[in-house]
Amino acid sequence: MALLHLKNLTKYFGGLTAVDNVSFDVNEGSIVGLIGPNGAGKTTVFNLITGHYVPDQGEIIFNGQNLVKKPTHIIVSLGIARTFQTIRLFKELSVLENAMSGYHCRMKAGIFAGMFKPRWQKREERQAIEIALKELKFVGLDVDLNQKSKNLSYGNQRLLEIARALASSPKLIILDEPAGGMNDQETRELVELIRNIRDRGITVLLIEHDMSLVMDVCEYIVVLDNGKKIAHGAPEEVRENKKVIEAYLGLDEE
């Protein structure tokens with residue numbers, strides 16, 4: 001069953017067609033990779049799904065709802081969380097506070113509740129702390145909770161972004177190059193983490209340039225080139241696809 005359905009998705013930037021009539025499904029409970037060379041339109045697709053851009057044509061249906069023209073905070077509340085290619089943490093806030101911020105979309109307290117702190121607001125804040133702690137433990141960051149996020153290693157900052165995304169209680173998590181800057185050991189641990197996320201019932205859609213990671217963890221792969229979908233299927237199918245070899249892997253036939 002398709003949790004996310006993209007149909008004829010198109011986005012123009014001036015005279016450039018960044019995404020050209022792209023359609024694919026992300027089935028519930030799956031791990032799907034979106035790959036392609038630099039400039040293929042992958043991050044633009046992510047930005048369309050999450051409401052950072054509005055498509056010029058096409059549909060984005062998530063869990064039965066059309067996301068087109070919905071603001072980003074509504075899309076998060078519907079159950080889509082993401083990380084970014086360039087890390088976007090609150091650098092001066094602590095590890096715990098960063099993780100707690102992911103739960104904000106589930107909180108009802110406003111300015112006045114924050115000022116006067118009624119009992120229900122205190123309960124809500126305790127719940128945010130509990131969820132943040134749970135997700136930090138899940139990604140392996142349940143130590144040094146009070147240190148500023150900017151003091152974490154690059155790999156641990158990536159994990160903190162994932163914990164923050166998970167704290168929003170998503171149905172779908174979108175990971176934009178999560179292995180970027182990680183060493184080999186961290187990348188192997190990331191593969192296991194992605195599988196564990198899926199095993200929790202959370203669907204995963206990721207962009208990644210580490211082909212060994214993609215082929216190892218993804219069950220289905222969509223390939224873009226120059227904004228167009230050129231291939232899709234299981235990892236072994238994509239690996240042997242001539243168009244993928246030519247456009248993305250850069251291998252010559254012998």
Side-chain angles (χ1 to χ4, degrees), residues 1-11 18-38 40-50 55 58-65 67 75 78-83 85 162 165-166 170-180 187-251:
M1 177 182 175
L3 179 65
L4 178 69
H5 172 68
L6 307 184
K7 183 178 179 181
N8 302 329
L9 203 59
T10 301
K11 181 63 181 176
V19 177
D20 190 354
N21 200 38
V22 169
S23 300
F24 65 87
D25 288 345
V26 177
N27 288 334
E28 188 172 3
S30 64
I31 302 173
V32 176
L34 182 64
I35 68 171
N38 289 331
K42 306 181 298 297
T43 295
T44 301
V45 169
F46 274 19
N47 286 333
L48 289 167
I49 295 169
T50 55
E59 296 180 349
I60 305 170
I61 307 297
F62 174 72
N63 204 25
Q65 296 198 48
L67 299 185
I75 291 173
L78 290 173
I80 297 180
R82 72 169 294 179
T83 65
Q85 184 176 349
I162 294 173
L166 290 171
K171 297 180 179 70
L172 169 69
I173 187 168
I174 296 178
L175 306 175
D176 195 345
E177 297 192 28
T187 300
R188 286 192 294 270
E189 292 172 355
L190 176 65
V191 168
E192 189 63 25
L193 176 61
I194 291 172
R195 289 184 178 134
N196 289 339
I197 291 171
R198 186 271 316 277
D199 290 345
R200 284 175 53 176
I202 301 170
T203 305
V204 180
L205 174 61
L206 74 137
I207 293 172
E208 186 51 66
H209 284 294
D210 186 328
M211 289 301 294
S212 61
L213 184 154
V214 170
M215 294 297 172
D216 189 16
V217 78
C218 291
E219 300 149 350
Y220 188 84
I221 298 173
V222 177
V223 189
L224 299 183
D225 187 31
N226 292 319
K228 296 182 178 182
K229 185 177 75 173
I230 61 169
H232 62 96
E236 55 272 16
E237 296 177 84
V238 169
R239 185 188 291 114
E240 298 173 1
N241 187 290
K242 182 179 178 181
K243 290 182 179 179
V244 177
I245 293 170
E246 292 175 350
Y248 185 78
L249 300 178
L251 301 176

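Not measured: the values here are computed from a predicted model.
- Shown here for H232 and V238, the closest heavy-atom pair between the two residues is C-CG2, 4.2 Å.
- Under a 3.5 Å cut-off, the side chain of E237 and the backbone N or O of A234 do form a donor-acceptor pair.
- Counting only distance, with no hydrogens or angles, the side chain of N27 and the backbone of S30 share no donor-acceptor pair below 3.5 Å.
- Interatomic distance, CG of L9 versus CG of N21, reported as 9.0 Å (0.5 Å rounding).
- In summary, the side chains of E59 and H5 do not present any donor paired with an acceptor at a separation below 3.5 Å, with no hydrogens or angles considered.
- For K42 (side chain) and G36 (main-chain N/O), a donor-acceptor pair under 3.5 Å exists by modelled atom type.
- Under the 4.5 Å side-chain criterion, counting only non-hydrogen atoms from C-beta, K11 is not in contact with V45.
- Counting only heavy atoms from C-beta outward, the side chains of I174 and T83 never approach each other to under 4.5 Å.
- Between M215 and I221, some side-chain heavy-atom pair lies under the 4.5 Å cut-off.
- Between the CD atom in E177 and the CD atom in E208 there is a gap of 6.0 Å [rounded to 0.5 Å].
- A donor-acceptor contact under 3.5 angstrom links the side chains of D176 and T43, judged on distance only.
- Under the 4.0 Å criterion applied to side-chain N and carboxylate O atoms, D25 and K7 are not assigned as salt-bridge partners.
- Contact record, A81 with A165: CB-O, 3.4 Å, taken as the closest heavy-atom pair.
- Side-chain contact check for I49 versus L6: some heavy-atom pair is nearer than 4.5 Å.
- In terms of heavy atoms, L224 sits closest to L34 at CG-CD1, 3.9 Å.
- Among L3, I173, T203, L67, the one residue that satisfies the side chain to side chain contact (heavy atoms under 4.5 Å, CB included) test with I80 is L67.
- One N or O on the side chain of S23 and one on the backbone of N8 form a donor-acceptor pair closer than 3.5 Å.
- Closest of all the heavy-atom pairs between C218 and P235 is O-CG, 3.1 Å.
- Residues V19 and L48 are in side-chain contact: their nearest non-hydrogen atoms beyond the backbone lie under 4.5 Å apart.
- Looking at E219, its side chain does come within 3.5 Å of a backbone N or O of I31 through a donor-acceptor pair.
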Start with the C-alpha distance between R188 and D216, add both sets of side-chain angles, then the distance that settles salt bridge (charged side-chain N to carboxylate O under 4.0 Å, His left out), and finish with yes or no. CA-CA 10 Å; R188 286 192 294 270; D216 189 16; over 6 Å; no

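- Between P37 and D225, some side-chain heavy-atom pair lies under the 4.5 Å cut-off.
- Atom CG in L4 sits 13.0 Å away from atom NZ in K171 (nearest 0.5 Å).
- Looking at F46 and L205, their side chains come closer than 4.5 Å, going by heavy atoms from C-beta outward.
- Residues Q65 and L78 have side chains in contact (heavy-atom distance under 4.5 Å, counting atoms from C-beta outward).
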